[in-house]
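Quick note: residue numbers are just sequence positions, from 1. Everything quoted here is computed from the prediction, not taken from an experiment.
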Amino acid sequence: LLLPGLAVLCRDWPVLQAVVTIPLLLLLSYLGCATVFPESIRWLLATRQIPQAKRALQDFSSRNGVSLSDEVYPSENLLSEIDVVYTEDFQPRFHNVCELVKTRVIWKNCLILGFTGFIGTGIQYCFTRNLLSYHPHFYFSYFLRVLSGGLACVLLCVTANHFGRRAVLLLSSIVTGMASLLLLALTQYLMDGLVLALSIVGLLSSQAVAMLSVFFASEVIPTVIRGAALGLILAAGCVGKAASWLMELQNNGGYFLHHV
């Protein structure tokens, strides 16, 4: 929601690009300042990096004022349990995303969630295009997607924990497909109010599909390869977003450099 305001203040797109990019440079502190973005202890234990996991636990305990080395119960503290489970013979073991091919279920989950993320983001243009005739303002489509995304996130918070993530994802996908098929086949026969309602419902459900695909993937993918697999699913969603803008450019006619 802040991006259009920044665009009005900056006016020139190179300045806007610089204003948006400069804050992202703060993420470089992840490489040099481990206290700002500490590594996940669960990932360190899953990859058998025991000394790093102990240092992270001690760092967290010192910040929170908790002592991990209780003198009264020395054998029951957390560090002692780690020493018992992970002996000195354990060596660090790292995994890569290519190992998904050897699994029977995980790669199918990644493929399904990547496909739903791609469809959920790519089909949003079709619903937004039907709404432009009601309000052809320059920022209308942008604000519409942002507001529908916020509303979809609220609906997911209310329904996902109650009905389950799998059921909500399946229902959102069905609603998105049905709305798209009805608009594709019967737009010229439907009343304007029904077209508007189907477009809004389809946009809302497609936003829910895209977001829930990412949330669901962050839960079902194992810790050791979660970062790489989740990155692939997010990349599929970005490809869907790029496809929507390419379709808009094709519908407007002309080449990319001509529009620039």
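Tested against L113 for a side chain to side chain contact (heavy atoms under 4.5 Å, CB included), the candidates V220, V214, I221 yield a single pass: V220.
Taking all atoms of both residues into account, the shortest heavy-atom contact from A179 to G202 is CB-CA, 3.9 Å. S173 and V209 make their closest contact through N-CG2, 3.5 Å (heavy atoms, listed as atom of the first residue, atom of the second, distance). Between R226 and E219, the shortest heavy-atom contact is NH2-O, 4.2 Å. Residues I233 and A217 come closest through the heavy atom pair CD1-CB, 3.4 Å. Across S206 and I123, no two heavy atoms sit closer than the pair CB-CG2, 3.8 Å.
A single hydrophobic cluster is not seen to contain both L169 and I174; linkage of ILVMFWY side chains at heavy-atom distances under 4.5 Å, directly or through other members, places them apart. In this structure, L186 is not a member of the same hydrophobic cluster as L181, with clusters built from ILVMFWY side-chain heavy atoms closer than 4.5 Å. In the hydrophobic clustering of this structure, M211 groups with F216; members are Ile, Leu, Val, Met, Phe, Trp, Tyr whose side-chain heavy atoms approach within less than 4.5 Å, directly or through other members.
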message = Checking F127 against L198 for the side-chain contact (heavy atoms from CB on, under 4.5 Å) test, could you report, in this order, the C-alpha distance in whole Å, the side-chain angles of both residues, the deciding distance, and whether it holds?
response = CA-CA 8 Å; F127 300 118; L198 287 174; over 6 Å; no
Working for side-chain contact (heavy atoms from CB on, under 4.5 Å), residues Y125 and K241 = CA-CA 8 Å; Y125 168 75; K241 291 181 180 179; over 6 Å; no
Output a table of donor-acceptor pairs, distance under 3.5 Å, between side-chain atoms of residues 149-162 and any protein atom two or more places apart or on a different chain; print 'none' if there are none.
unit_1: T159; atom_1: OG1; unit_2: L155; atom_2: O; d: 2.7
unit_1: N161; atom_1: OD1; unit_2: R165; atom_2: NH2; d: 3.2

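Here L203 contributes atom CG and S148 contributes atom OG; the two are 3.5 Å apart, rounded to the nearest 0.5 Å. Of the inter-residue distances, the one linking Q207 atom CD with L147 atom CG reads 10.0 Å to the nearest 0.5 angstrom. Between T21 atom OG1 and L16 atom CG the span is 8.5 Å, to the nearest 0.5 Å.
Remark: the backbone N or O of F215 is paired with a side-chain donor or acceptor of S218 at under 3.5 angstrom. In this structure, S199 contributes its side chain and V195 its backbone to a donor-acceptor pair below 3.5 Å.
Cluster partners of V201, by chain and number: L171, V175. The rule joins Ile, Leu, Val, Met, Phe, Trp and Tyr whenever side-chain heavy atoms lie under 4.5 Å apart.
Residues meeting the side chain to side chain donor-acceptor pair (under 3.5 Å) test with S172, sequence neighbours left out: none.
Side-chain polar atoms of T116 and S213 form a donor-acceptor pair below 3.5 angstrom.
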